[in-house]
Amino acid sequence: MSLDFKLARPFSRWRLKPEIGEPSYSYFAREVADEGHDSLRVYANEIGLDGRDINPEQLLHSLERLPLDQTFKDRLRNATPILRDGFYSLGHERLRQKQVSFQFRRFCPKCLGESRFHRIWWDIADLSACPVHEVRLATSVQGSRMNWSWPHFDHSPKGYPLAKMSVTSTEGTSLSLHSLVVSRLTSGERERGPLAGYDLFDIIDGATFFSRWMQCDNPAKFLPPTGVDVEYGFSILELEEVDLRDSVREWLIANVSEEMRRQGFHASVPGFRGYWRIRPDSRLKPYIETVLFEVFAQVGTLGRKFVRYRPSERGERTLLEASRELDLPPRGVSKFVQQLGLLPGAKWNGDALSFNDETFRRLKDAVQDLIPSTDTWDIAGLPGHEFRVLVKAGKVKEFHGLPVDGKRGGRVSARAVTSLIQKVTESVQAEPRRGMMTFFSYAKHLGVSQGDLALRILEGNLVADAVDPERPGFRSMYFNAPQIGSGARSDVEVTENAHDRADVATLWECFRSRLNEVCPAFKVPDDASGEFQIFTSNRKLALKGTTAVSAFCLVLTLHPELTRRRWDQYQADKDELHRITAVGCWTSTPDGKGFDLTLNVTTRHQAREMATVLNGLKLILA
C-alpha cells in the first residue's frame with residue numbers, strides 16, 4: 001500500500017477543531033486520543049509516519065489532508081514550527097532551532113483547565129511561565145516527565161489530573177517578554193516600540209545576553225544559560241536607547257571595578273565575543289554592540305590596538321564607525337584610505353584608524369565619486385571590456401573591496417577618468433568634417449581593439465585630428481581617413497550627384513567592400529536581389545533588405561515585444577542611435593509600439609556611408 005494512500009485520511013473522524021496557537025503535534029495528539037488510542041508514536045507508525053521523533057511539518061502535511069475549513073488549516077500552519085534555512089518559522093515570526101524544544105511536554109495546568117490543548121509558546125525554551133495566569137509552567141507530573149507519545153491532555157499516563165497540578169505563582173514578577181511572545185503568536189501582529197522591527201529569535205538573543213551578563217554574581221564570568229532569567233534581560237533590552245545607555249553605564253560602574261575596566265572591554269564584558277560569534281544572523285547585535293562600546297568608552301579603557309571601535313564623543317570616527325556610515329566593509333575602507341593617502345601618518349600595523357570631520361568628508365566624497373569599472377561608457381566612451389585595457393596598463397587606478405550600493409567588483413574614480421580624457425582632447429581644436437573616421441572605425445582600420453587604440457592615445461603615440469565636444473570620451477575623437485589609392489576619391493571629395501549614382505550591383509559591391517573594412521562582423525550575401533537579410537556573426541543584430549534597379553534599402557525593426565533586448569538597448573542610448581542614423585528614416589510600426597529604421601542607398605557615397613552607420617548600430621545594439 002502506498003504512503004500517499006495511507007495518509008489520505010489519517011483519522012476516521014475529525015470532530016475536534018484546531019485552536020488558535022495550537023501546533024500540528026497537539027492537534028494530532030488530540031485526534032489520536034479521540035480515536036481511542038493511547039500512543040501517538042504507535043498511531044503515527046501505523047499510518048506510515050515516523051513516530052520515533054516529533055516532526056511538526058510531517059504531521060502538519062498529514063493533517064492538511066483532512067477536510068477542514070481553510071481557516072483551521074491556517075491556524076495549524078501559523079502555530080506549527082516549520083524548519084526553513086536553519087530557523088523555525090511560526091507564522092510571520094522566526095526562532096532558532098535551539099530556542100524551540102518539543103521532546104518533552106510542558107504546560108500550564110490552569111490553561112488546560114480552561115481548554116485542553118497544547119499552546120505553542122510552551123515549547124519556547126527560554127519561556128518558563130504562563131503570562132495569562134502568572135504561574136510557572138509544569139515540567140513533570142509526580143516526578144516524571146511526559147513526552148509526546150502520550151496523547152491525552154486531561155490526565156497523565158498514571159491517571160493524575162493535569163489541571164490540578166500544583167505550580168508556583170509568579171505574581172509580582174514581570175512577564176513582559178512572555179506576554180510579547182504570546183501576543184505575536186496569537187494575533188500575528190507586532191507591538192509598537194523599539195523592538196517591533198525584530199524577529200523573536202533576535203529579541204530572545206538580546207534579552208538572554210543581558211541576563212547572562214548582568215545577572216552573574218562574578219563580573220569576570222558569564223552566567224550559564226540554565227541560570228538565566230530572560231525577563232531580566234528583556235527589561236533592559238526594551239528600554240529606549242537613551243535609557244538603555246544610562247542603565248548599562250550605571251551597571252558597569254556599580255558592578256565592575258575600575259581596575260577591571262582599565263583592562264579593556266572584553267575583560268569587563270566576558271563572553272561578549274563568544275556569545276555573538278555563534279549567532280551571526282542577529283540584527284540586534286550591531287545595535288547592542290554600538291551601545292556597549294560607546295558607553296564603555298566613557299567609563300573604561302579602549303586600548304590603541306582595540307581596532308574595532310573608538311567613541312565618537314572624542315570628535316573622531318573610528319574605522320568601524322566610518323565603515324558603518326558608508327555602508328562598506330572596514331577592510332576595504334582601510335585599504336582605500338591607504339591608497340588615497342588620506343592618513344599619511346598611519347603605521348598600517350593594526351593600529352586603530354580614526355578620522356576627523358575633514359578627513360571623513362574627503363573619504364566620503366571619494367567613495368561617492370566611485371563608479372563600477374564596467375560602467376564607464378558615458379565618460380570614457382569605451383565598453384567595459386575595452387576599458388579594462390587601460391586599467392591593466394595602470395592608466396586608471398582600480399579599487400577593490402568597496403561594494404557600493406551592495407554591488408561588488410572593481411571601482412574607479414569618475415573624476416580621474418574625466419581628467420584623463422580631458423588631457424588628450426583639450427589640445428585638439430578642430431571639429432569633425434565629412435569623410436573623417438570615427439574612433440571605432442579607425443580602430444577597425446588599424447586592426448586593433450578600441451582599448452589598444454585608447455592606450456596609444458594616452459601614451460602619446462597618436463593624436464586625434466578632430467574632437468566632437470557633444471560626444472563623451474574617446475567616442476568624441478575623429479581621424480582623417482587614409483588615402484584609398486592613387487586617383488581614387490576620398491569620401492570628402494565625393495558629392496551626392498547624378499555622377500555618383502550606379503546600378504544596384506555596383507552599389508552593393510561598394511557597400512560590401514566598405515562594410516568589410518569598417519565592420520567585418522556583418523555577414524552579407526554576395527549578390528543582392530529581391531528580399532534578403534544581413535546579420536552579425538552572433539545574430540544579435542539583423543536587418544531586412546530589398547533591392548530595386550538602381551537602389552537598395554535596409555530595414556531595422558525596434559520593438560518592445562518582438563525585439564525586447566534590442567529595444568532595451570535602444571532605450572538606454574536613444575539619442576546616440578538617432579545621431580548615428582540621421583541619414584535614415586524612422587517610422588512607427590503598424591501597432592504603434594515600436595519603430596522601423598529604413599536606410600536607403602541610391603549613390604556610391606551613401607553605400608560607403610551606410611557601412612559606418614551599421615558599425616555604429618552594431619556597437620550599441622549587438
Side-chain angles (χ1 to χ4, degrees), residues 434-435 437-438 440-441 444-445 481 484-485 487-559 561-567 569-570 576-622:
R434 192 174 185 180
M437 299 184 73
T438 65
F440 308 110
S441 299
K444 289 290 185 182
H445 170 73
I484 301 173
R489 295 179 300 166
S490 68
D491 287 347
V492 177
E493 297 169 327
V494 174
T495 58
E496 285 192 56
N497 53 44
H499 299 291
D500 194 34
R501 297 182 180 275
D503 59 79
V504 70
T506 303
L507 292 176
W508 185 252
E509 182 57 33
C510 181
F511 168 71
R512 284 183 68 253
S513 60
R514 181 63 171 169
L515 187 62
N516 189 52
E517 293 178 4
V518 175
C519 188
F522 273 98
K523 305 300 179 183
V524 297
D526 294 335
D527 298 311
S529 59
E531 294 185 359
F532 58 95
Q533 188 179 50
I534 68 172
F535 48 85
T536 55
S537 54
N538 58 11
R539 293 187 175 271
K540 289 186 177 180
L541 184 62
L543 295 90
K544 296 178 181 178
T546 57
T547 60
V549 175
S550 58
F552 69 87
C553 73
L554 303 173
V555 180
L556 171 69
T557 299
L558 295 168
H559 196 279
E561 297 172 359
L562 303 178
T563 60
R564 180 173 299 176
R565 183 192 61 80
R566 197 183 305 159
W567 178 263
Q569 291 172 293
Y570 163 70
E576 177 65 9
L577 271 176
H578 281 275
R579 192 200 66 78
I580 291 174
T581 58
V583 297
C585 178
W586 290 83
T587 57
S588 297
T589 54
D591 60 7
K593 296 181 179 180
F595 298 98
D596 285 330
L597 169 63
T598 304
L599 304 171
N600 294 301
V601 177
T602 59
T603 67
R604 285 191 291 267
H605 167 70
Q606 287 179 336
R608 287 188 291 272
E609 187 180 39
M610 208 57 66
T612 304
V613 171
L614 291 186
N615 183 48
L617 288 175
K618 181 192 78 69
L619 290 171
I620 295 178
L621 297 179

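The closest side-chain heavy-atom distance from L599 to L614 is below 4.5 Å. A heavy-atom distance below 4.5 Å is not found between the side chains of L554 and V601. Inter-residue side-chain proximity for L507 and R604 is flagged as met; some heavy-atom pair is nearer than 4.5 Å. L597 places none of its side-chain heavy atoms less than 4.5 Å from the side chain of L558.
T602 approaches A551 most closely through the heavy-atom pair CG2-CB, 3.8 Å. The minimum heavy-atom distance linking A528 with W508 is given by the pair CB-CD2, 3.5 Å. Minimum interatomic distance between F532 and P525 (heavy atoms only, all atoms of both residues): CD1-CG, 4.1 Å. In terms of heavy atoms, C553 sits closest to N600 at CB-OD1, 3.2 Å. Across E517 and K444, no two heavy atoms sit closer than the pair O-CB, 4.1 Å. Nearest heavy atom pair, residue Q569 against residue I620, reads NE2-O, 3.4 Å.
Atoms CG and CD, on D591 and E561 in that order, are 7.0 Å from each other to the nearest 0.5 Å. Here the straight-line distance linking atom CZ of R514 with atom SG of C519 works out to 12.0 Å at 0.5 Å rounding. One finds the CG atom of L621 at 11.5 Å from the CH2 atom of W567 (value rounded to the nearest 0.5 Å). Rounding to the nearest 0.5 Å gives a distance of 11.5 Å between NZ of K544 and OG1 of T598. Rounding to the nearest 0.5 angstrom, the gap separating the OG1 atom in T612 from the CD atom in E609 is 7.0 Å. The OG1 atom of T603 lies 8.5 Å from the CE atom of M610; values are rounded to the nearest 0.5 Å.
Annotation for R565: atom CZ counts as buried by contact number, over 12 foreign heavy atoms lying within 6.0 Å.
Counting only distance, with no hydrogens or angles, the side chain of R512 and the backbone of D527 share no donor-acceptor pair below 3.5 Å.
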Criterion side-chain hydrogen bond (donor to acceptor under 3.5 Å, both in side chains) on D503 and S550, from CA distance to verdict: CA-CA 4 Å; D503 59 79; S550 58; over 6 Å; no
